[in-house]
Amino acid sequence: MGIFSAILGNAGTVSQDDLQKDYGQLLIDGEQIELGFKLIRDVFIFTNKRLILVDKQGLTGSKVEYKSVTYKNISRFSIETAGTFDLEAELKIWVSSEQLPSIKKQFNKSVNVYDVHKVLATHVLK
């Protein structure tokens, strides 16, 4: 992920090995990382069981919030693809019966948003 994309707040893909090394202690038995992205300091991880949002807070990033959203609590989601001159695509996720999306993330063009859509659809539509 380029520094320009990071400054703009766009997420780029992170390898499963790096995610496993850094966040493997969050996983339960039988849980596997399927896809993950980094947005400056924050990370979001799609596993076979849930979506994990890692929010590093403060100037040093030493305070960290780990938020888990089970797929069964996701009521809907949308992905807006990047246009010809756009630098990013956008993911929106609504949890339970909320009126506004509780999760919004921007992806840079290095991310195949159709992979994100497929992971979400696979788990949410079960």
Side-chain angles (χ1 to χ4, degrees):
M1 175 172 69
I3 189 71
F4 184 65
S5 288
I7 291 169
L8 290 176
N10 296 338
T13 306
V14 181
S15 77
Q16 288 181 344
D17 291 339
D18 288 345
L19 292 168
Q20 183 67 40
K21 182 181 70 169
D22 294 340
Y23 303 103
Q25 71 274 13
L26 297 174
L27 305 178
I28 63 170
D29 290 339
E31 187 173 18
Q32 298 173 356
I33 295 171
E34 295 184 352
L35 207 53
F37 304 95
K38 185 167 188 166
L39 172 66
I40 305 176
R41 295 186 305 177
D42 298 343
V43 176
F44 48 111
I45 304 165
F46 295 92
T47 76
N48 60 328
K49 307 237 181 238
R50 60 188 161 148
L51 172 59
I52 302 170
L53 301 159
V54 181
D55 180 15
K56 294 186 179 182
Q57 303 169 2
L59 292 175
T60 63
S62 57
K63 182 178 178 182
V64 181
E65 177 186 21
Y66 300 96
K67 185 186 300 185
S68 290
V69 179
T70 58
Y71 293 120
K72 69 179 181 179
N73 288 325
I74 296 175
S75 59
R76 60 189 163 152
F77 60 93
S78 72
I79 295 177
E80 183 178 319
T81 60
T84 306
F85 299 105
D86 293 337
L87 294 175
E88 75 264 343
E90 184 176 36
L91 166 68
K92 295 178 187 175
I93 298 175
W94 287 260
V95 177
S96 298
S97 60
E98 294 178 336
Q99 296 297 316
L100 298 174
S102 43
I103 300 167
K104 285 180 161 182
K105 298 294 178 184
Q106 300 285 328
F107 296 93
N108 63 31
K109 283 203 172 196
S110 71
V111 174
N112 183 346
V113 293
Y114 298 105
D115 289 342
V116 176
H117 186 274
K118 187 174 184 177
V119 169
L120 276 169
T122 298
H123 295 295
V124 172
L125 299 175
K126 281 186 178 178

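Note that the coordinates shown come from a computational prediction; the quantities given were computed from them, not determined experimentally. Position 1 is the first residue of the sequence; numbering continues from there.
- Clustering ILVMFWY residues whenever any of their side-chain heavy atoms sit less than 4.5 angstrom apart, transitively, puts F77 in the very cluster that holds F37.
- Taking Ile, Leu, Val, Met, Phe, Trp and Tyr as hydrophobic and joining them when side-chain heavy atoms fall under 4.5 Å apart, one finds I28 isolated, its cluster having no other members.
- Scanning all heavy atoms of the two residues, the minimum distance from V119 to F46 falls at CG1-CB, 3.7 Å.
- Counting side-chain heavy-atom gaps under 4.5 Å among Ile, Leu, Val, Met, Phe, Trp and Tyr, the cluster of I45 also holds V14, L19, Y23, L26, L27, I33, V43, I52, V54, V64, Y66.
- Hydrophobic clustering (side-chain heavy atoms under 4.5 Å, transitive across Ile, Leu, Val, Met, Phe, Trp, Tyr) groups V69 together with I79.
- Within 6.0 Å of atom CD in Q99, 12 or fewer heavy atoms from other residues, nucleotides or ligands are found, so the atom counts as exposed in its surroundings.
- Using a 4.5 Å heavy-atom threshold, the side chains of T81 and Y114 count as touching.
- Applying the side-chain hydrogen bond (donor to acceptor under 3.5 Å, both in side chains) test to pairs two or more places apart or on separate chains, those with a residue in residues 115-126 are E34-H123.
- To the nearest 0.5 angstrom, K104 atom NZ is 9.0 Å from S78 atom OG.
- Rounded to the nearest 0.5 Å, atoms NZ (K92) and OG (S102) are 12.5 Å apart.
- Scored by the salt bridge (Lys or Arg N to Asp or Glu O under 4.0 Å) test, E98 finds no partners at all (sequence neighbours excluded).
- In this structure, V113 is a member of the same hydrophobic cluster as I103, with clusters built from ILVMFWY side-chain heavy atoms closer than 4.5 Å.
- Considering every non-hydrogen atom in both S96 and S75, the closest pair reads O-OG, 2.6 Å.
- Residues V124 and V95 fall within the same hydrophobic cluster, defined by Ile, Leu, Val, Met, Phe, Trp and Tyr side chains chained together at heavy-atom separations under 4.5 Å.
- In the hydrophobic clustering of ILVMFWY residues, with side-chain heavy atoms under 4.5 Å counting as a link, L120 and L53 come out together.
- N73 is linked by a side chain to side chain donor-acceptor pair (under 3.5 Å) to T70, counting only residues two or more places apart in sequence or in another chain.
- With values rounded to the nearest 0.5 angstrom, R76 atom CZ is found 10.0 Å from S97 atom OG.
- Sequence neighbours left out, the pairs with a member in residues 18-31 that pass salt bridge (Lys or Arg N to Asp or Glu O under 4.0 Å) are E31-R50.
- Interatomic distance, E80 CD to L91 CG, rounded to the nearest 0.5 Å: 11.0 Å.
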